[in-house]
There are 2 protein chains.
Amino acid sequence: MTLTTAEENYLKAIYHLSNGGTKSVSTNDVAAEIKTKAASVSDMLRKLGDKEVIEYRKYYGVNITEEGKKRALQTIRKHRLWEVFLVEKLQFAWDEVHEVAEELEHIQSPLLIQRLDSYLNFPKFDPHGDPIPDEYGDVRARPRLALNEMDIDQSGQIVAVKDSSAAFLKYLDKVGAYIGARIKVLDKVEFDGSMEILVDQKKTLFMSKDVAANILAIQS
Amino acid sequence: MTLTTAEENYLKAIYHLSNGGTKSVSTNDVAAEIKTKAASVSDMLRKLGDKEVIEYRKYYGVNITEEGKKRALQTIRKHRLWEVFLVEKLQFAWDEVHEVAEELEHIQSPLLIQRLDSYLNFPKFDPHGDPIPDEYGDVRARPRLALNEMDIDQSGQIVAVKDSSAAFLKYLDKVGAYIGARIKVLDKVEFDGSMEILVDQKKTLFMSKDVAANILAIQS
DNA sequence: TCTTATTTTTAGGTAAGACTAAAATGCTAA
DNA sequence: TTAGCATTTTAGTCTTACCTAAAAATAAGA
């Protein structure tokens, strides 16, 4: 049973909103995520329920099924592999890749994805630091913490951002932060939570608590 | 003004059937090419006429306009660049690329195509030997002739096939011929037009006139 | 030229995926 | 426990792209 592009997009949205399938999701939430109207979502939920990728009880929101989770992860895998391709091979900036990957992820060809994966050397993370599921939908997540949770003198590496809006990504680029950057916490201001961060052992960066909370790192 | 995927496919079909815009095309021909019904084609022709990419006179078939030609060539350019990518970078066989390229050609991103072109080193021909239009729609064609038109002792290089059906491509692969192969005509049998061809200075190949007529080469 | 055969178009219908407006359901606070 | 509000669903349209069947236009042969 195959899914249309629209169905794949709904399923992906439900997967994300449900936190990887751990909680149920309301019609309105899906509508907001997909930027469509609740009435359209109701229609689609009935269809996805029929296809058994979600469990749908009218008026009570949806839960994603195991099959649905698998499908969503396939789409996410394709999206993230294309992002790696765009950044590593075609020199896209990491704030330019999302829209194009959103189209590319719907190309139907298992062979294509297999070959792309191999061509990119089986990457485990996309340019935003998000993990790439393997072809069975397994994800090997790294423990991460937000920068504002790190203590003074701790070192690590930026691996992801929470808010990956173009605006925030642009801001990071401008101040010289990026996924993969090696960082060290030089100082934390008690009363407002703002921080002083050493980037790549040379540049010093000041950031508000809000910004720090949006940046995820692994410790080292 | 943008075209939908279906509209792009119709336009491409009309471009091909009209021999690059040199003759007009009938509704039935388009229906056969697209594998749809004449009634659906009539609908679409009206729409494409409104968008001024074709000139449509009811009951008299269509002619592609300059704007339409430009659009069709853009799509062909994208298709062929993706084919090069699939064969050169992802190790696809040349009889496996068509379907996937058919999907990839509809991805909307001028930047993507520009970067892909550059990444592939601005190829001028696709894996089937067909020329890749530049971003303005210009094509630099090489003079080619069918193998059966070549004389004994003439040398050249296979650059394309007329019938690029999977069956024919598979057959060529099996006998050891391919786009790019250096060839020399060793013998031509008068009464049935069959030929003996030396491939890559080592392998000798017998082929019927029909097969030879399907293989295009440049002389050297 | 007129009748027939072929091609093409129109008319009317379907399915997907969106929409608006209205009805139904569930939740909460009095 | 029920009135009112928020959420969700249903009903009815719209557009795109397809379909079949029937009508109209063109082309061809006697």
Side-chain angles (χ1 to χ4, degrees), chain A residues 1-15 17-18 23-64 68 71-72 75 99 102-103 105-108, chain B residues 1-15 17-18 23-64 68 71-72 75 99 102-103 105-108:
Chain A
M1 186 254 322
T2 60
L3 301 176
T4 65
T5 292
E7 287 168 343
E8 281 185 355
N9 283 335
Y10 272 90
L11 201 55
K12 201 167 45 121
I14 293 166
Y15 180 83
L17 291 169
S18 70
K23 61 172 194 258
S24 65
V25 173
S26 76
T27 300
N28 260 356
D29 288 350
V30 176
E33 177 82 6
I34 301 270
K35 289 174 195 8
T36 183
K37 297 301 160 75
S40 310
V41 175
S42 280
D43 264 9
M44 185 57 96
L45 293 186
R46 194 186 32 67
K47 281 182 28 181
L48 291 177
D50 290 347
K51 295 197 170 185
E52 302 187 351
V53 291
I54 60 171
E55 223 175 291
Y56 176 42
R57 273 186 57 215
K58 275 189 206 173
Y59 294 103
Y60 288 92
V62 292
N63 286 96
I64 197 161
R71 299 302 193 99
T75 307
E99 278 71 38
E102 206 66 19
E103 289 190 58
E105 74 188 9
H106 300 295
I107 304 287
Q108 299 293 0
Chain B
M1 185 253 323
T2 60
L3 301 176
T4 65
T5 292
E7 287 168 342
E8 281 185 355
N9 283 334
Y10 272 88
L11 202 54
K12 200 167 47 121
I14 293 167
Y15 180 84
L17 291 169
S18 69
K23 61 173 195 259
S24 66
V25 172
S26 77
T27 301
N28 261 354
D29 288 351
V30 176
E33 177 83 6
I34 300 272
K35 289 174 199 4
T36 183
K37 296 302 159 73
S40 309
V41 175
S42 280
D43 264 7
M44 186 56 97
L45 294 186
R46 194 186 32 68
K47 281 182 28 184
L48 292 176
D50 290 348
K51 295 197 170 184
E52 303 189 348
V53 290
I54 59 171
E55 224 175 289
Y56 176 42
R57 271 186 59 216
K58 274 189 207 172
Y59 294 102
Y60 289 92
V62 292
N63 286 95
I64 197 161
R71 297 303 191 98
T75 306
E99 278 71 39
E102 207 67 17
E103 289 190 59
E105 74 186 9
H106 300 295
I107 304 287
Q108 300 291 2

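Proteins get letters first, then strands, A, B, ... in listed order; numbering begins at 1 in each. Note that these values count all heavy atoms, side chains included, but never hydrogens, waters or copies made by symmetry.
Atom CD of A:Glu102 sits in a crowded spot, with more than 12 heavy atoms from other residues, nucleotides or ligands closer than 6.0 Å. Heavy atoms of other residues, nucleotides or ligands lying less than 6.0 angstrom from CD of B:Glu55 number 12 at most.
We find that CD1 of B:Ile34 is positioned 11 Å from P of D:dC19, with the value rounded to whole Å. Rounded to an integer number of Å, the gap from CG of B:Leu45 to P of D:dC18 is 12 Å. Rounded to whole Å, the distance from CG on A:Leu48 to P on C:dA16 is 12 Å. Following rounding to the nearest Å, B:Arg57 (CZ) and C:dT9 (C1') show an atom-to-atom distance of 15 Å. For the pair A:Asp43 CG and D:dC14 C1', the computed distance is 14 Å after rounding to whole Å. Atom CE of A:Met44 and atom C1' of C:dC19 are 14 Å apart (whole Å). Rounded to an integer number of Å, the gap from A:Arg46 CZ to D:dT9 C1' is 11 Å. A straight line from CG of B:Leu3 to C1' of D:dT16 spans 14 Å, rounded to a whole angstrom.
When every heavy atom of B:Ser18 is checked against every heavy atom of B:Ile64, the shortest pair comes out as OG-CG2, 4.3 Å.
Note: B:Tyr59 OH to B:Ser42 OG = 8.0 Å, rounded to the nearest 0.5 Å. Here the OG1 atom belonging to A:Thr2 is positioned 9.0 Å from the CD atom belonging to A:Glu8, to the nearest 0.5 angstrom. Rounding to the nearest 0.5 Å gives a distance of 11.5 Å between OG1 of B:Thr36 and CG of B:Asn9. In this structure, A:Thr75 OG1 and A:Tyr15 OH are separated by 11.0 Å, a value rounded to the nearest 0.5 Å.
B:Thr27 comes within contact range of the sugar-phosphate backbone alone, with a heavy-atom separation under 4.0 Å but no base atom that close. Nucleic acid contact for A:Ala6: sugar-phosphate only, since backbone atoms but no base atoms lie under 4.0 Å from a heavy atom of the residue.
Regarding contacts with the backbone of C:dC19, a side-chain N or O of A:Thr36 is found under 4.0 angstrom from either OP1 or OP2. Listed pair A:Tyr56 / D:dT9 meets the phosphate criterion, a side-chain N or O lying under 4.0 Å from OP1 or OP2.
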Does the protein touch nucleotides 23-28 of chain C at the base, only the backbone, or not at all? Give it as B, S and - per nucleotide, heavy atoms under 4.0 Å. -BSS--

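Candidate nucleotides D:dC18, D:dT7, C:dT20 were compared by shortest atom distance to the side chain of A:Asn28, and D:dT7 ranks first. In the set D:dT9, C:dA18, D:dT20, the nucleotide with an atom closest to the side chain of A:Ser42 is D:dT9. Comparing C:dA18, D:dT16, C:dT20 by their closest approach to the side chain of A:Tyr10 singles out C:dA18. Nearest to the side-chain atoms of B:Lys37 among the listed nucleotides D:dT20, C:dT9, D:dC18 stands D:dT20.
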